[in-house]
Number of protein chains: 2
Amino acid sequence: MRVLDVIKQFKNKGYKVTPQRRAIINALLLSDGPPTATEVLEKARVSHPGVSLDTVYRNLNLLVEMGCLIQINLKNNEKSRFEIVKSHHHHLVCLGCGESVCLEQCPLLERDLELAKEKGYKVMGHAFEIYGYCPACQKTV
Amino acid sequence: MRVLDVIKQFKNKGYKVTPQRRAIINALLLSDGPPTATEVLEKARVSHPGVSLDTVYRNLNLLVEMGCLIQINLKNNEKSRFEIVKSHHHHLVCLGCGESVCLEQCPLLERDLELAKEKGYKVMGHAFEIYGYCPACQKTV
DNA sequence: CCCCCAAATAAGAATGTTCCTATTTAGAAT
DNA sequence: ATTCTAAATAGGAACATTCTTATTTGGGGG
């Protein structure tokens, strides 16, 4: 995944290409692990100092909607983390330190999508997380 | 499910039985749909005026952990809703109005639990939601 | 019945995220 | 190039939820 690939997706979908967006995409690609929104903000401000946190959140959400990012929901008011999509998947999340392990398979059932259709719902996405404690955090208790 | 059933569970697990807890359980049982935390607060204050919002959240989380409640995570900073457990299940949630439809089957895969075990994780729970727009909210757009 | 203390609570501060509004701007049309 | 407009932004307010700390209390043991 390159910056230009994401830019291309923005153009295809009719979204504008702003310097803030370039900076945010760059920041995401430069991170090692899945960063939090504030980590993205910091990295984005290197190339575009004025970016606001709101803009970061707005665009992270947009990228999730576009299918370019996976959002990892932690618990206890901890910051979510965002991972560039290679293939669609979900996470096993540590309640202690927030680290995550990728799960192999998306558990979304065909039956549920049919049910949604029957009920007249227009499905936009889904979320799935398994919560627990990693070996290190179990010792800390 | 009666108030006394939940009270019994509190005692079994070594938790204290406080008037606030009685009021909260009452409030949950008196609601028609799955209420939000503030709706629980309002109803609980009828029987115990002094209850604080923090106490409501603390006990709702405890009840989820105990397996007595299902938490329905909405998006966009909307309040979560809490449903008394009859049997374990998940929800199809409307992004517009927050209404939810119960899904028939929990999609948690045995394979994922094995993976968690291999990685040394102690699994505490999981979350699954499908997001979309209900028929009414599709028209509003 | 009274003491004791871990557990529970109230109140408000703090945190993560979204919303509101006035201002700016990308990119299409001229 | 210039103008125009819907989309995007910055900044701060608002919101849901959790955390911190000092105080209270349920319920077990003397």
Side-chain angles (χ1 to χ4, degrees), chain A residues 6-25 34-42 44-45 47-66 69 71-82 93 95-96 98 127 131, chain B residues 6-25 34-42 44-45 47-66 69 71-82 93 95-96 98 127 131:
Chain A
V6 186
I7 299 286
K8 198 185 291 175
Q9 289 219 36
F10 270 109
K11 286 187 176 165
N12 285 346
K13 306 218 173 180
Y15 297 123
K16 292 180 181 173
V17 178
T18 66
Q20 290 92 336
R21 283 185 172 160
R22 286 178 193 277
I24 289 168
I25 297 166
T36 62
T38 34
E39 286 167 4
V40 172
L41 181 68
E42 279 169 32
R45 279 190 167 162
S47 50
H48 190 93
V51 201
S52 75
L53 182 57
D54 178 69
T55 295
V56 169
Y57 272 108
R58 195 161 8 83
N59 284 293
L60 291 177
N61 284 340
L62 182 60
L63 286 164
V64 169
E65 220 174 84
M66 288 167 62
L69 272 189
Q71 175 164 5
I72 309 175
N73 301 119
L74 311 193
K75 286 219 141 187
N76 301 325
N77 239 18
E78 273 185 278
K79 295 169 186 158
S80 290
R81 294 187 166 273
F82 296 86
V93 180
L95 291 166
Y131 298 107
Chain B
V6 187
I7 299 286
K8 198 184 291 175
Q9 289 220 36
F10 271 110
K11 287 187 176 165
N12 285 346
K13 306 219 173 182
Y15 297 123
K16 294 181 179 172
V17 178
T18 65
Q20 290 91 336
R21 284 186 170 159
R22 286 178 194 279
I24 289 168
I25 297 166
T36 63
T38 34
E39 285 167 4
V40 172
L41 180 69
E42 280 171 32
R45 279 191 167 161
S47 49
H48 189 94
V51 203
S52 73
L53 182 57
D54 178 70
T55 295
V56 169
Y57 272 108
R58 195 160 10 82
N59 283 294
L60 290 178
N61 284 341
L62 181 62
L63 286 164
V64 169
E65 221 174 84
M66 288 167 62
L69 272 189
Q71 175 163 6
I72 310 175
N73 300 119
L74 311 194
K75 285 219 142 188
N76 302 325
N77 238 18
E78 272 184 280
K79 295 171 187 158
S80 290
R81 294 186 166 275
F82 297 86
V93 181
L95 291 165
Y131 297 107

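Lettering of chains follows the sequences in order, A, B, ..., and the numbering in each one begins at 1.
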In residues 57-64 of chain A, what donor-acceptor pairs under 3.5 Å come from side-chain atoms, sequence neighbours left out?
residue : atom : partner : partner atom : Å
A/Arg58 : NH2  : A/Asp54 : OD2          : 3.3
A/Arg58 : NH2  : A/Thr55 : OG1          : 3.0
A/Asn59 : OD1  : A/Arg21 : NE           : 2.6
A/Asn59 : OD1  : A/Arg21 : NH2          : 3.3
A/Asn59 : ND2  : A/Thr55 : O            : 2.9

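Note on A/Ser80: only backbone sugar-phosphate atoms sit closer than 4.0 angstrom, heavy atoms only; bases stay farther off.
With axes fitted over five pairs at each extremity, the angle between the ends of the helix from C/dC1-D/dG30 to C/dT30-D/dA1 is 30° (10° resolution).
A/Glu39 places its CD atom 11 Å from the P atom of C/dG16, with the value rounded to the nearest Å. Look at CG on B/Asn73: it is 15 Å from P on D/dA16, rounded to the nearest Å. For the pair B/Phe10 CZ and D/dG27 C1', the computed distance is 16 Å after rounding to whole Å. Taking atom CD1 of residue A/Ile7 and atom P of nucleotide C/dA26, one finds them 13 Å apart after rounding to whole Å. If you measure from atom CG of B/Asn61 to atom C1' of D/dT18, you get 9 Å, rounded to the nearest angstrom. In this structure, the CD atom of B/Glu78 is 11 Å from the P atom of C/dT18, given to the nearest Å. Across the protein-nucleic acid pair, A/Lys79 atom NZ and C/dT18 atom P stand 14 Å apart, rounded to whole Å. In this structure, CD of A/Glu65 is placed 12 Å from P of C/dT18, rounded to the nearest angstrom.
Not counting sequence neighbours, the partners of A/Thr36 by the side-chain contact (heavy atoms from CB on, under 4.5 Å) test are A/Thr38, A/Glu39, A/Lys79, A/Arg81. Under the rule for a side-chain contact (heavy atoms from CB on, under 4.5 Å), the partners of B/Ala23 that lie at least two apart in sequence or sit in another chain are B/Ala44, B/Ser47, B/His48. Applying the side-chain contact (heavy atoms from CB on, under 4.5 Å) criterion to B/Lys8, with sequence neighbours excluded, gives B/Asn12.
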Give each protein N/O atom lying under 3.5 Å from an N/O atom of nucleotides 6-10 of chain C, with the pair distance.
residue : atom : partner : partner atom : Å
C/dA6   : N3   : B/Lys16 : NZ           : 3.4
C/dA8   : OP1  : B/Arg21 : NH1          : 3.0
C/dA8   : OP1  : B/Arg21 : NH2          : 3.4
C/dT9   : OP1  : B/Thr18 : OG1          : 2.7
C/dT9   : OP2  : B/Arg58 : NH1          : 2.7
C/dT9   : OP2  : B/Asn59 : ND2          : 3.3
C/dT9   : O3'  : B/Gln20 : NE2          : 2.8
C/dA10  : OP1  : B/Gln20 : NE2          : 3.3
C/dA10  : OP1  : B/Gly50 : O            : 3.1
C/dA10  : OP2  : B/Ser52 : N            : 3.1
C/dA10  : OP2  : B/Ser52 : OG           : 3.0
C/dA10  : OP2  : B/Thr55 : OG1          : 2.5

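Side-chain nitrogen and oxygen atoms of B/Asn77 include none within less than 4.0 Å of the OP1 or OP2 phosphate oxygen of C/dG16. Between C/dG16 and A/Thr38, no contact under 4.0 Å exists linking OP1 or OP2 to a side-chain N or O.
Here the closest non-hydrogen pair linking A/Leu95 and A/Glu78 is O-OE1, 3.9 Å. Of all non-hydrogen atoms in B/Lys16 and B/Phe10, the two that sit nearest each other are O-CD2, 4.5 Å. The minimum heavy-atom distance linking A/Val93 with A/Gly98 is given by the pair CG1-O, 4.4 Å. When all heavy atoms of A/Tyr131 and B/Ala127 are compared, the closest pair comes out as CE1-CB, 3.9 Å. Residues A/Val56 and A/Ile24 share a closest heavy-atom pair of CA-CD1, 3.8 Å.
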